[in-house]
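Reckoned from all heavy atoms, side chains included, excluding hydrogens, waters and symmetry mates. Order of listing sets the numbers, starting from 1, for every ligand and every atom in it.
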Amino acid sequence: MMYLVPLAKSPHGADFSPDGRYVVGNGKLAPYVTVFDFQKFLKAAEASDTTGSEDGIPVLRYESIRVAEVPVGLGPLHTQFDDQGYAYTSLFIESAVAKWKMGPFDGHDSSLVVAKIPVHYSVGHLVVAGGDTRHPVGRYLVSMNKLSKGRHLNVGPSQPESSQLIDITGSGMKMIYEAYTEPEPHFAQIIKADLIHPIEVYPKAENKDPNAIWAAADGKVTRIGNRVEVKLFSIRSYFAPGEIDAQEGDSVIIHVTNAEQERDMLHGFGLAGYNINVVMDPGETKTIRLKADKPGVWPFYCTNFCSAMHQEMQGYLLVKPRGAAATVAAK
Ligand code: CUA
């Protein structure tokens, strides 16, 4: 079931070529990547062509399965592939990306490296468009950052990090764009835009929430004992009802529906005194539960910019103090 394969010290990424034939082993502490032939791997396994075992797992003979040691540079971590027969390896120590040819592997390994481009941080992961698929798209590569090396203005202990977009068409590489990123992004994918078909809104007809409402007139507050249940309507640019009355100690349940069926028309429901803030996508209903344990007049408001009247999209939760009614009556 399992075999070990010798590799340079501190192995990092292991990456299959798009045709499934080769595995590139990136050994962090070696100045080269090792290319294994998966066919040879299977043959060696079948013939028990091993050089001992570790923890009971047979170790395949390195020389029988390795087809090349390509001297890409210092600190190889990950390798990606394009549609032109090139591979791209990130070089952590060297802060560069190497471009090299996937064969022919005939013992002249150093001639396989065709280009190298410096990046401005210690590079970790990298991605070529479609580089993890059987049919890479090529054209672009994004090099991602592991450690910032003072690339940007110092704005505090947590430093800005970078990723860089590299044009890989032709035989060389050219940096064309740089963007800020989160610290140490662990991989990414680039796919063709025409493969993405997301919905733009949640269709009203598919909203099965029994508490969804689609007209302001259906917004209402119902009290049963000390439980206050609200059906709240939201649309540009108001909530209905605009006022929710509760008594201190009540359980309040708010079902808020964003009745929009327009692209990008999100609304929010924020209730600052109760530390509540949710976003409703177009056509979506969300339920908020709270214990009305803080008396007062608490504004709720839309927290997602929706129109010129966005800031007017608000209402109030009134929480009357315990015994308030009796006090008023007595007075
Ligand atoms: Cu709704 Cu802002």
Anything under 3.5 Å between a donor and an acceptor, one on a side chain of residues 101-109, the other on a protein residue two or more places apart or in another chain? List them.
| from | atom 1 | to | atom 2 | distance (Å) |
| --- | --- | --- | --- | --- |
| Asp106 | OD1 | His108 | N | 3.3 |
| Asp109 | OD2 | Glu69 | N | 2.8 |

Side chains of residues 7-15: which donor-acceptor pairs under 3.5 Å do they make with residues two or more places apart or in other chains?
| from | atom 1 | to | atom 2 | distance (Å) |
| --- | --- | --- | --- | --- |
| His12 | NE2 | His78 | NE2 | 3.3 |
| Asp15 | OD2 | Asn26 | ND2 | 3.2 |
| Asp15 | OD2 | Thr79 | N | 2.9 |

Those residues that, when tested against Gln80, pass side chain to side chain donor-acceptor pair (under 3.5 Å) (two or more places apart): Asp132
query: Going by the angle between their ring planes, with limits at 30° and 60°, are Phe305 and His310 parallel, tilted or perpendicular?
result: tilted
query: Phe16 pairs by ring pair (Phe, Tyr, Trp, His ring centres under 6.0 Å) with which of Phe36, Tyr22, Phe38?
result: Phe38
field: Passing option when Val97 is tested against Ile168, Val72, Leu126 for side-chain contact (heavy atoms from CB on, under 4.5 Å)
entry: Leu126
- line: Distance filter < 2.8 Å from atom 1 (Cu) of ligand 1, protein N/O/S hits 4
